[in-house]
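Only one structure is covered here, and it is reproduced in the block below.
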Amino acid sequence: MYLLEMNHIKKSFDGQGVLKDISLAVEEGEIVSIIGPSGSGKSTLLRCATMLERMDSGELLYLGEKAAWNGPDGTAVYAGKEKQKEIQGNYGLVFQNFNLFPHYNVLKNIIDAPIHVQKRKSEEAVREAYDLLRKMGLEDKAEAYPCQLSGGQCQRVAIARALALNPKILFFDEPTSALDPELTGEVLKVIRSLADLQITMVIVTHEMAFARDISDRVIFMADGLIVEEGTPEEVFASNNERTQNFLGRYG
Ligand code: ADP
Ligand code: MG
């Protein structure tokens, strides 16, 4: 059974097709990178996968459970609120711009959802938060506020915050593209360390060396379509002209 399954996803904005029949299935433990030019629909795909955006039609499943499917008229129907909430417990999302709460310190950013959404015990959430901060190399930053941290530190807090909810799958949308180049490495290192923990990941990235290195599978998107997918070796050595053009610019 797949952890995530997306079948024939279509999404338009203002009549303009942004996702044009995308199908994607991710197995437990798999690391999938999505690469492709700006505007090709990568963020929209992640937003549809995480139900931040409603797709027009298609099927979305987590662990075989349907979050959305096509109704009789061929447009997407979503599961009820309660079911959606339950399904949302399967995944976390890390954004380009961290999206930390600026008025909460680091610790509170991490423990807020475990306590208020998952109703976990406060002491337990705090203990786990410190554990995660240690893993992120931020054990001394629990009391700091986001504005006192570097971008790389903020992104590591955002990763800790996502992990605190014990997701089965983590989505990353260009996790390093808002960072100064010298801070990119520390965030990539943390993401690499998650791979060692066998966390399933779907990563949209422009860091080609990283994608090549970390992924079990690479997907190249352009114009709302999956142009090519395969192992990093296959995709990076592809003869496809569009893939080569893109890699020539970024690789
Ligand atoms: P990528 O992440 O690959 O750069 P996006 O998914 O952000 O691509 O965007 C794909 C296309 O969809 C772009 O042309 C973008 O302008 C458009 N788009 C994305 N979100 C919206 C929105 N909320 N409203 C209108 N157009 C959108
Ligand atoms: Mg994007």
Side-chain angles (χ1 to χ4, degrees), residues 4-26 31-60 67-68 75-76 78 84 88 91-100 151-152 154-155 158-159 161-162 169-181 183-184 187-188 191 201-212 214-215 217-230 232 235-236 238 240-251:
L4 163 69
E5 225 178 307
M6 299 180 87
N7 296 320
H8 303 293
I9 306 295
K10 292 184 185 164
K11 173 75 187 171
S12 298
F13 287 110
D14 315 316
Q16 198 68 29
V18 168
L19 300 178
K20 305 170 183 166
D21 197 359
I22 297 262
S23 294
L24 164 70
V26 180
I31 299 176
V32 178
S33 292
I34 303 176
I35 61 174
S38 178
S40 56
K42 305 179 300 295
S43 294
T44 304
L45 181 62
L46 289 197
R47 292 174 60 79
C48 286
T50 52
M51 298 194 277
L52 288 174
E53 195 79 68
R54 237 188 125 87
M55 57 200 187
D56 299 332
S57 64
E59 217 182 19
L60 172 67
T75 64
Y78 279 78
Q84 279 195 35
Q88 282 163 347
Y91 56 77
L93 177 57
V94 175
F95 300 91
Q96 183 174 343
N97 294 310
F98 333 130
N99 290 11
L100 296 177
C154 281
Q155 192 56 299
I159 294 170
R161 181 178 60 174
I169 178 166
L170 262 190
F171 296 94
F172 292 88
D173 193 358
E174 299 196 27
T176 60
S177 56
L179 301 178
D180 294 333
L183 299 178
T184 297
V187 170
L188 295 182
I191 299 174
M201 296 192 267
V202 176
I203 308 169
V204 172
T205 185
H206 284 302
E207 296 290 333
M208 292 304 136
F210 173 71
R212 184 177 194 146
I214 196 177
S215 311
R217 183 149 55 104
V218 175
I219 291 176
F220 172 57
M221 268 181 82
D223 290 334
L225 289 165
I226 293 178
V227 174
E228 205 165 2
E229 69 180 300
V235 172
F236 283 91
S238 157
N240 182 301
E241 198 181 323
R242 283 175 104 175
T243 312
Q244 275 313 315
N245 271 339
F246 173 76
L247 291 174
R249 263 181 290 143
Y250 282 95

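Indexing begins at 1, ligand by ligand and atom by atom, following the structure's order. Side chains included, hydrogens not; waters and symmetry mates left out as well; all remaining heavy atoms used.
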Do [X] side-chain atoms and [Y] backbone N/O form a donor-acceptor pair below 3.5 Å?
X	Y	answer
Q155	P175	yes
Q244	S238	yes
N240	R242	yes

Closest non-hydrogen atom pair between [X] and [Y], with its separation:
X	Y	answer
L247	F236	CD2-CE2, 3.5 Å
P37	F246	N-CE1, 3.4 Å
K42	I35	CD-C, 3.9 Å

Can you give me every donor-acceptor pair (side chain of residues 203-212, partner residue at least two apart or in another chain, under 3.5 Å) with its distance?
unit_1 : atom_1 : unit_2 : atom_2 : d
T205   : OG1    : E207   : N      : 2.9
H206   : NE2    : E174   : OE2    : 3.4

Practice item. Spell out the protein N/O/S atoms under 2.8 Å from the Mg ion (ligand 2) as residue plus atom name. Key: S43 OG
Check your understanding: Pick one: which of L45, V202, V32 meets side chain to side chain contact (heavy atoms under 4.5 Å, CB included) with F171?
Key -> V202
**Study point:** side-chain contact (heavy atoms from CB on, under 4.5 Å) partners of E53, counting only residues at least two apart
**Key:** K11, F13, R47, C48
Pairs under 3.5 Å, N/O atoms on ligand 1 and on the protein: can you put them in a table with the distances?
unit_1   : atom_1 : unit_2 : atom_2 : d
ligand 1 : 2 (O)  : S43    : N      : 2.9
ligand 1 : 2 (O)  : S43    : OG     : 2.9
ligand 1 : 3 (O)  : S40    : N      : 3.2
ligand 1 : 3 (O)  : S40    : OG     : 3.4
ligand 1 : 3 (O)  : G41    : N      : 3.0
ligand 1 : 3 (O)  : K42    : N      : 2.9
ligand 1 : 3 (O)  : K42    : NZ     : 2.8
ligand 1 : 4 (O)  : G39    : N      : 2.7
ligand 1 : 6 (O)  : T44    : N      : 2.9
ligand 1 : 6 (O)  : T44    : OG1    : 2.5
ligand 1 : 8 (O)  : G41    : N      : 3.2

